[in-house]
There are 2 protein chains.
Amino acid sequence: MSASLPPIPEPHESLESPELLELGPSVEEQCLRADAARNRARLLEAAARLVAEHGAATLTMEAVAAAASVGKGTVFRRFGDRVGLLTALLDHSEKKFQAAFLGGPPPLGPGAPPVERLRAFGCASLRWSVEQLELQLAAERGPDRRYTPPPRLLRNGHLIMLLRQVVPDADCELLAQTLMGYLDPALVHHLTKNCGMPLDRLEAGWIDLVARLTRTDPPPTGLRIELAPAVEPPC
Amino acid sequence: MSASLPPIPEPHESLESPELLELGPSVEEQCLRADAARNRARLLEAAARLVAEHGAATLTMEAVAAAASVGKGTVFRRFGDRVGLLTALLDHSEKKFQAAFLGGPPPLGPGAPPVERLRAFGCASLRWSVEQLELQLAAERGPDRRYTPPPRLLRNGHLIMLLRQVVPDADCELLAQTLMGYLDPALVHHLTKNCGMPLDRLEAGWIDLVARLTRTDPPPTGLRIELAPAVEPPC
DNA sequence: CATTAAACGGACCTCGGTCCGGATTCTCAC
DNA sequence: GTGAGAATCCGGACCGAGGTCCGTTTAATG
């Protein structure tokens, strides 16, 4: 019943240093044997190409293996499962986003008042989600695991920290979950694609939501929150 | 590419009469040929038994077919796919819940002030979710469809209606989605099972959330909202 | 170069989902 | 009643994709 493959091939190292973060080669690329590292790179490149060509939904593991001229077992050894592979594809942009709200310039990063950072965080997250919607949806984990992966915990912790500064007497864990729920990629997809809502409306909704949850006054309307370049072009 | 099986075997008739609802044999049991109806009942019974014995996560379609002494194709013809079968298992209790908030006694049903109904709705939904957590999680649809099935739309519409009465100037569609997010079974599962939060805390969080979103005063604390018998014993 | 731990690859398994020839039930004329 | 005829349903062989296993190969170490 147990696999011979290592159970957690990609430790997804976040949370070792909750408020610090190192970009760069990052844990998963070092400490690998030369051939393993080479194959990992090949696989990611092949997967990215196939996703770009045919979309993430129709991506099969065998196709990735074949496109990378590698055995199927190798794909699973490296990335654990399909979701792991898709997650790895998202990882780079994910790290950039984390860096932006953990240590980047205000209002997203430290330096601005907490309510303003909350507002900026939501808008940035929305814009970032919209860019990567397809991958985000394809990389979603099952219902049991959806709330536990490190990136989610990190954002959650970030929201909790900001909320504590604004509404110290509230149940900030639950408020944070509520806010996270609003940013769920699947919801964003549904509202924009199925319901035809423009992104602006979602952003306005976020601003309003923050105001209500923190019982603060909403900022003067109409001015779009300024952030660094659209959060990052895909590559 | 297209199936020979009828695409929507279980029309899930809700929303024909947005505020009315008929319990009873309900559409999916009538208009079936005798053998089909018999097999449908067999399959549901077999599935329920297997879920009770081994859990919903390990349920396989072949096992259900075998346990019902029926061919595999029959299961798929009747329920469309795995999720459809699990959804059918939930359907009965789902209908009861709908009846309770659409037409049952206050504060859940009509007759109480809207804010009170909002509070009652959340608490009822939480209690109901906890009872059926396993099935709810197993019956969850993929990211693209999670927000579209009729029961979800019905609850969503209900929340929108209540919100409009309390905060007519707000973007009630988005506020409703926010509230729905808080009630997501997967989130409830995570908070109770992974984080060890007691249900009371989630309910208090809901009460607080409603108060903040509607910018109303929270009710006097401590009194548990009274509802009909724990929403319904499983069978 | 020998040794060893790690990586490789593809056959293999399971399970969800599809297909279609044949069996069953319903309808309706007689 | 009853006996076509038509519509529906049945069942299990079949397929594709995710995921596993294990004998073989290969890179690191000294």
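Numbers restart at 1 for each chain; the letters A, B, ... are given by sequence-line order, proteins then strands.
- Atom CD of B:Gln177 and atom CE of B:Met180 lie 7.0 Å apart (nearest 0.5 Å).
- By the side-chain contact (heavy atoms from CB on, under 4.5 Å) test, B:Thr58 is found to be paired with B:His54, residues two or more places apart in sequence or in another chain being considered.
- Heavy-atom nearest nucleotides on DNA chain C were determined for B:Arg82 and for A:Ser69, and the one closer to the 5' end corresponds to A:Ser69.
- Recorded end-axis angle for the helix from C:dC1-D:dG30 to C:dC30-D:dG1 stands at 10°, based on five pairs per end and rounded to 10 degrees.
- Checking side-chain atoms of A:Thr74 against main-chain N and O of A:Val70 turns up no donor-acceptor pair under 3.5 Å.
- Applying the side-chain contact (heavy atoms from CB on, under 4.5 Å) test to A:Thr148 and every residue at least two apart in sequence or in another chain returns A:Arg145, B:His190, B:Asn194.
- Partners of B:Asn156 under the side-chain hydrogen bond (donor to acceptor under 3.5 Å, both in side chains) rule, at least two apart in sequence or in another chain, do not exist in this structure.
- Judged as a side-chain hydrogen bond (donor to acceptor under 3.5 Å, both in side chains), and not counting sequence neighbours, the contacts of A:Arg201 are B:Asp171, B:Glu173.
- The nearest whole Å value for the distance from the CG atom in A:Asp81 to the C1' atom in D:dG19 is 9 Å.
- The backbone N or O of A:Leu202 sits less than 3.5 Å from a side-chain atom of A:Tyr182, completing a donor-acceptor pair.
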For this session: Might you work through the side chain to side chain contact (heavy atoms under 4.5 Å, CB included) test for A:Leu179 and A:Leu163, ending with a clear yes or no?
Result: CA-CA 10 Å; A:Leu179 288 173; A:Leu163 283 170; 4.0 Å; yes
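- Within the structure, salt bridge (Lys or Arg N to Asp or Glu O under 4.0 Å) contacts touching residues 147-162 of chain B (residues at least two apart or in different chains) are B:Glu94-B:Arg155.
- Ring orientation note: the planes of A:Phe121 and A:Phe97 are tilted relative to one another, at an angle of 30° to 60°.
- Between the CZ atom of B:Arg78 and the P atom of D:dT8 there is a distance of 12 Å, given to the nearest Å.
- Look at CZ on A:Phe79: it is 16 Å from P on D:dT20, rounded to the nearest Å.
- Applying the salt bridge (Lys or Arg N to Asp or Glu O under 4.0 Å) rule to pairs touching residues 49-58 of chain A yields A:Arg49-A:Glu53, sequence neighbours excluded.
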Sort me out a list of protein N/O and nucleotides 4-6 of chain D N/O pairs below 3.5 Å, or just none if empty.
none

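- Salt bridge annotation for B:Asp184-A:Arg146: present, with a cationic side-chain nitrogen under 4.0 angstrom from a carboxylate oxygen.
- Looking only at distances, a side-chain donor or acceptor of A:Arg82 sits under 3.5 Å from a matching main-chain atom of A:Leu59.
- One atom, CG of B:Leu43, and another, C1' of D:dC9, lie 13 Å apart when rounded to the nearest Å.
- Remark: A:Thr87 OG1 to A:Leu135 CG distance equals 9.0 Å, nearest 0.5 Å.
- The CZ atom of B:Arg119 sits 13.5 Å away from atom CG of B:Leu108, with the distance rounded to the nearest 0.5 Å.
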So which protein N/O to nucleotides 11-14 of chain C N/O distances come out below 3.5 Å?
none

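- Using a 4.0 Å heavy-atom cutoff across all strands shown, B:Leu59 reaches sugar-phosphate atoms only and no base atom.
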Identify each atom pair where a protein N or O and an N or O of nucleotides 26-30 of chain D are less than 3.5 Å apart, giving names and distance.
from	atom 1	to	atom 2	distance (Å)
D:dT26	O2	A:Arg33	NH1	3.3
D:dT26	O2	A:Arg33	NH2	3.2
D:dA28	OP1	A:Ala34	N	3.0

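- Within the 4.0 Å cut-off from OP1 or OP2 of C:dG9, not a single side-chain nitrogen or oxygen of A:Arg77 is found.
- Contact between the side-chain N/O atoms of A:Thr74 and the OP1/OP2 oxygens of C:dA7 is not found at any separation under 4.0 Å.
- Remark: A:Asn39 is in phosphate contact with C:dC8, judged by side-chain N or O atoms under 4.0 Å from OP1 or OP2.
- For A:Gln136, there are no side-chain hydrogen bond (donor to acceptor under 3.5 Å, both in side chains) partners at least two apart in sequence or on another chain.
- Contacts between residues 46-57 of chain A and DNA chain D, counted as heavy-atom distances below 4.0 Å, involve no residue at all.
- Proximity note for A:Ala36 (side chain, C-beta onward) versus D:dT20, D:dC9, C:dC8: the nearest is C:dC8.
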